[in-house]
Q: 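To start, I am sharing the structure in question, which I have written as C-alpha cells.
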Protein chains: 2
Amino acid sequence: MKPITRKEEIIRTAAKLFKDKGYSAVTMRDLATSMGIKASSLYNHINSKQDILKAIIISLAEEFTAGMKLIQSSNDSCMSKLKAIIELHVRISSENIYGMASLNNDWMHLEDQLEYYLKLRQGYEDDFLKIIENGKSNAEIKAANPEIIMFSMLTTLRSLYLWIPKKEDLNAKDLAINLSEVLIHGINK
Amino acid sequence: MKPITRKEEIIRTAAKLFKDKGYSAVTMRDLATSMGIKASSLYNHINSKQDILKAIIISLAEEFTAGMKLIQSSNDSCMSKLKAIIELHVRISSENIYGMASLNNDWMHLEDQLEYYLKLRQGYEDDFLKIIENGKSNAEIKAANPEIIMFSMLTTLRSLYLWIPKKEDLNAKDLAINLSEVLIHGINK
DNA sequence: CATACTAACTAACAAGTGTTAGTTTCAAAA
DNA sequence: TTTTGAAACTAACACTTGTTAGTTAGTATG
C-alpha cells in the first residue's frame, strides 16, 4: 500500500547503522554492504552522506516541534500538558528507535541545517520550560527549580530510544503511564 | 605540586575534542593542532588513538564502580543510598565534564576493553536496581516499576555533564540537593 | 664532557574516505 | 519494437586517515 522507495530503505538502513556506531564511524561502503550493493550505487538514490543524516534528523525535530505547538496551544492544565509531552516522546521514540539515536547523538554533524536544528531545539526547550513555570505559578507544581525539572524530564525522555527495545513487553500506553507516575509523583512512598 | 605530564595534557585535550564531535570525527591532526604540535609528535607520548579513548573511559567507569561498591556496602537506608548515588554522579561529572561525554557516547569504539567496560556497566546497573528493589520491599519506595525508576534516574544522572557547564552558579552540593528533591519526591505539589 | 631523556620535527606509507563518470541490465511503457 | 527509467555495476579520483621511521634541538644527569 505505502510504496517504500529505495531511498527510504537506504535511509532506514543508515539510521540503524548510525545507532550502533555513530554517523562518522559509518562509511558509505558499510551502508552499501548492509544494502547488499556497491557504495557507488547508493548515489543513484541519495545525493550525499550528509543528506541522509539531514533526512533522519530534521523530520524528527520538526515532528517534535509540531507536537509541542499542539500541546502548548491547548487549554489543559500544566499537569495534563506534561503528560501529553511524555506521550509525545513515547510515541515518536517507539516509531523511530533508530532515528532517535541520530537525533540525540549526531546532530552536531549536520552542516547546512545545523543552525535550523538548533533553533528548533531551543524553541522546544523554551516551550517546555514555560509550561513548567506556569505550573509553578498556578501552584500545580512544587517550588523546585524549573530548569532542573525540565532537565530531568527531558533527559529521561530523550533516552527512551535506548530503553524501549529492551522492554518490548511494555506497550506505549503503559510505558507512558508508568513514566508519568515516576516523573511527576516521584518515587517516595 | 601534581606534575601534569604531557601525556595527561594530550588526553585532556582529546576529551574536549571528543565531547564536541565524538571520537570518530576527531582526527589525530585535529588533536595535534589543538596541542600546537604535529600529529606525529603525539606518538612520543601516547601509543594510539585507541589508547587515548581507553584512558578516558576506563578510569571513569572504574571510579563509578568503586563508588557504587562503597555505597552498596553501607548500612544506610535505601533513600540514603539513592542520595549517595546522586552525589556520586554529581561529583564525578563535575570533575570530568569532558570525559563524561566520551563515557556516554564513545564507549562503543573501545576495542580490546569493550567487554570489560560492558561488564562494569552491567554490574553498576545491577547494583543500582538491587537498591531500588530493596527499597520497594522495605516499603521505602512506592510500588512503581523498579526498572523504570532506575532508568529515569540513571539517564538523568548520565546527562549531568551536559547540564553542569550551563549552570556554573549552582555548586555541586546544591545541585545534588535539588536533584534529589526532584528525582525522589517528584514535582507534584 | 658524555650520556640520556624529552619533545618536537619532516617525510612518507598503506589503507580507507566520499564521490563521480560512464556503462550495463532488465522490465515496463509507448 | 523501440524507448524509457530504475537500479545496479566497474573503475577511478583526490583527499584524509592513523601511524612509523628517522632525525634534530635542548636540557638535565652521570
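Throughout, a chain's letter reflects where its sequence line sits, starting with A, and its residues are numbered from 1.
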Q: Taking atom P of dA7(D) as reference, at what distance in whole Å does atom NZ of Lys7(A) sit?
A: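 From Lys7(A) NZ to dA7(D) P: 12 Å.
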Q: When the distance from NZ of Lys38(B) to P of dA12(C) is rounded to whole Å, what number comes out?
A: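 In whole Å, dA12(C) P lies 15 Å from Lys38(B) NZ.
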Q: With a 4.0 Å cut-off, would you call Arg91(A) and Glu95(A) a salt bridge?
A: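 Looking at Glu95(A) together with Arg91(A), the answer is yes, because their closest N to O distance falls below 4.0 Å.
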Q: Should Glu147(A) and Lys166(B) count as an ion pair when the cut-off is N to O under 4.0 Å?
A: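 Looking at Lys166(B) together with Glu147(A), the answer is no, because their closest N to O distance does not fall below 4.0 Å.
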Q: Nearest 0.5 Å, please: how far is CD1 in Ile10(A) from CG in Leu31(A)?
A: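 So the CG of Leu31(A) and the CD1 of Ile10(A) are separated by 6.5 Å.
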Q: Between His45(B) and dA7(C), is there a side-chain N or O to OP1/OP2 distance below 4.0 Å?
A: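 Yes, within the criterion.
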Q: Check whether the ring centres of Tyr124(B) and His89(B) lie less than 6.0 Å apart, and answer yes or no.
A: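 Between His89(B) and Tyr124(B), which both carry aromatic rings, the centre distance is below 6.0 Å.
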Q: Strictly under 4.0 angstrom, non-hydrogen atoms only: write out the protein contact profile of nucleotides 15-29 of chain D, one letter per nucleotide from the 5' end, B, S or -.
A: --BBBBB--------
Q: Any side-chain N or O of Ser41(A) under 4.0 Å from OP1/OP2 of dC9(D)?
A: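 Affirmative; the distance criterion is met.
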Q: Are Lys130(A) and Glu133(A) within salt-bridge range, i.e. N to O under 4.0 Å?
A: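 Not counted as a salt bridge, because no side-chain N and carboxylate O are separated by less than 4.0 Å.
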Q: If two hydrophobic side chains count as joined below 4.5 Å and joins carry through other members, does Leu183(B) share a cluster with Ile177(B)?
A: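 The answer is no; the residues belong to distinct hydrophobic clusters.
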Q: Specify the separation, in whole Å, of atom CD1 of Ile37(A) and atom C1' of dG18(C).
A: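 Rounded to whole Å, this separation is 15 Å.
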Q: Rounded to whole angstroms, how far apart are CG on Leu31(A) and P on dA8(D)?
A: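 For the pair Leu31(A) CG and dA8(D) P, the rounded distance is 12 Å.
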Q: In this structure, how many angstroms lie between the P atom of dA8(D) and the CE atom of Met35(A), rounded?
A: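 Roughly 7 Å, once rounded to whole Å.
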